[in-house]
Amino acid sequence: MESARLAAVYRVLYGTYGPQHWWPGDSPFEVMVGAVLTQNTAWSNVERALARLTERIPLTAEAILALGHEALAEAIRPAGYFNVKARRLRAFCHAFVADGGLTGLSGLDTPTLRERLLAVNGVGPETADDMLLYAFERPVFVVDAYTRRLFARLGLLAGDEGYETIRHAFERALGADTALFNEYHALIVRHAKAACRTRPRCAGCCLNAHCPAAS
DNA sequence: TACCAGGAGAAAA
DNA sequence: TTTTCTCATGGT
């Protein structure tokens, strides 16, 4: 992975879309809840689910656990996979409380914190890295389907590399820079929402799943 | 109508 | 070990 090319892609995205001010959450804990709810789901649906949840309870791990599975699943229904996500949220809240909450987790070094998050059922690599970057402000690059698709189309990735391989490649090339990782990932997602609609002649670097220029 | 969205884990091959 | 299946609502 060439640092210069990664920097060039970043400059183009930033020049096109500007700063994204991610993550859209009022607190680190809300960011973490959002990270679970957004798994394979559009953010607009997550916002509905968060709104319904905060209408019912204050957004704390204790309150979520006290709500119970059925009521939690009903509250987050708009985010889809509501039974699965209710189970995952409760598992995360149990671990969050057991580890001393935000204060306890913030005291851990990044590799240990990442391991702790990944040990929770329902928290995979991308969700853990969303939490690390946007809730704990650790220099961890988030690799999602958009990242893989964009850089494969640009010829910088084969596309079938493992998650860790890609993450380490970005982190090596860009250096440990939390602010840059924050903005870069947000810009990739922003680009995915614009894609071909703003480019009559797509160069193949858009993120539309069925773009003819990308096949 | 069909496809896709800011994945993860279990089951099957 | 790798691939496939399941979970589900809402927008386009």
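Chain letters run A, B, ... following the sequence lines, proteins first, then strands; residues in each count from 1.
One interatomic measurement links the two molecules: CZ of Arg190(A) to C1' of dA5(B), which rounds to 16 Å at whole-angstrom precision. One interatomic measurement links the two molecules: NZ of Lys193(A) to P of dG11(C), which rounds to 14 Å at whole-angstrom precision. Arg77(A) has its CZ atom 6 Å from the P atom of dT9(C), to the nearest Å. Atom CD in Glu47(A) sits about 14 Å away from atom C1' in dA5(B), given to the nearest Å. Following rounding to the nearest Å, Asn45(A) (CG) and dG7(B) (C1') show an atom-to-atom distance of 15 Å. Regarding Arg90(A), its CZ atom lies at a distance of 21 Å from the P atom of dA8(B), rounded to whole Å. Gln39(A) places its CD atom 13 Å from the C1' atom of dA8(C), with the value rounded to the nearest Å. Rounding to whole angstrom units, NZ of residue Lys85(A) and C1' of dG10(C) are separated by 12 Å.
Partner of Phe29(A) under the ring-ring contact (aromatic ring centres under 6.0 Å, His included) criterion, out of Tyr134(A), Trp23(A), Phe136(A), Phe96(A): Phe96(A) alone.
Taking atom P on both nucleotides, dA8(B) is separated from dG11(C) by 24 Å, rounded to a whole Å. A gap of 15 Å separates the P atoms of dC5(C) and dC3(B), to the nearest Å. Spacing between dT9(C) and dA10(B) at atom C1', rounded to whole Å, works out to 22 Å.
Between Asn83(A) and dA8(C) there is a side-chain polar atom (N or O) within less than 4.0 angstrom of OP1 or OP2. OP1 or OP2 of dA8(B) lies within a sub-4.0 Å distance of a side-chain N or O belonging to Thr127(A). Contact check, Arg88(A) against dA10(B): no side-chain N or O comes under 4.0 Å of OP1 or OP2.
The backbone N or O of Leu6(A) lies less than 3.5 Å from a partner atom in the side chain of Tyr184(A), making a donor-acceptor pair.
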Pair Thr127(A)-Asp130(A), side chain to side chain donor-acceptor pair (under 3.5 Å): steps then yes or no: CA-CA 5 Å; Thr127(A) 304; Asp130(A) 275 335; 5.4 Å; no

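Considering all non-hydrogen atoms of both residues, Arg56(A) and Ala75(A) come closest at CD-CB, 3.7 Å. Of all the heavy atoms in Arg88(A) and Val36(A), the pair that sits closest is CB-CG1, 4.0 Å.
Val143(A) comes within contact range of no nucleotide atom at all, as no heavy-atom separation falls under 4.0 Å.
Distances were taken from every side-chain heavy atom of Ala42(A) (C-beta onward) to each of dA8(C), dG7(B), dA5(B); the shortest belongs to dA5(B). Set against dA5(B), dA8(B), dA8(C), the side chain of Pro125(A) has dA8(B) as its closest nucleotide.
Mapped onto DNA chain B by nearest heavy atom, Val123(A) and Tyr134(A) fall at different nucleotides, with Tyr134(A) at the one closer to the 5' end. Residue order along DNA chain C, read from the 5' end via each residue's closest nucleotide, puts Asn40(A) first among Asn40(A) and Ser44(A). Two residues, Asn121(A) and His185(A), neighbour DNA chain B, and the one matched to the more 5' nucleotide by heavy-atom proximity is His185(A).
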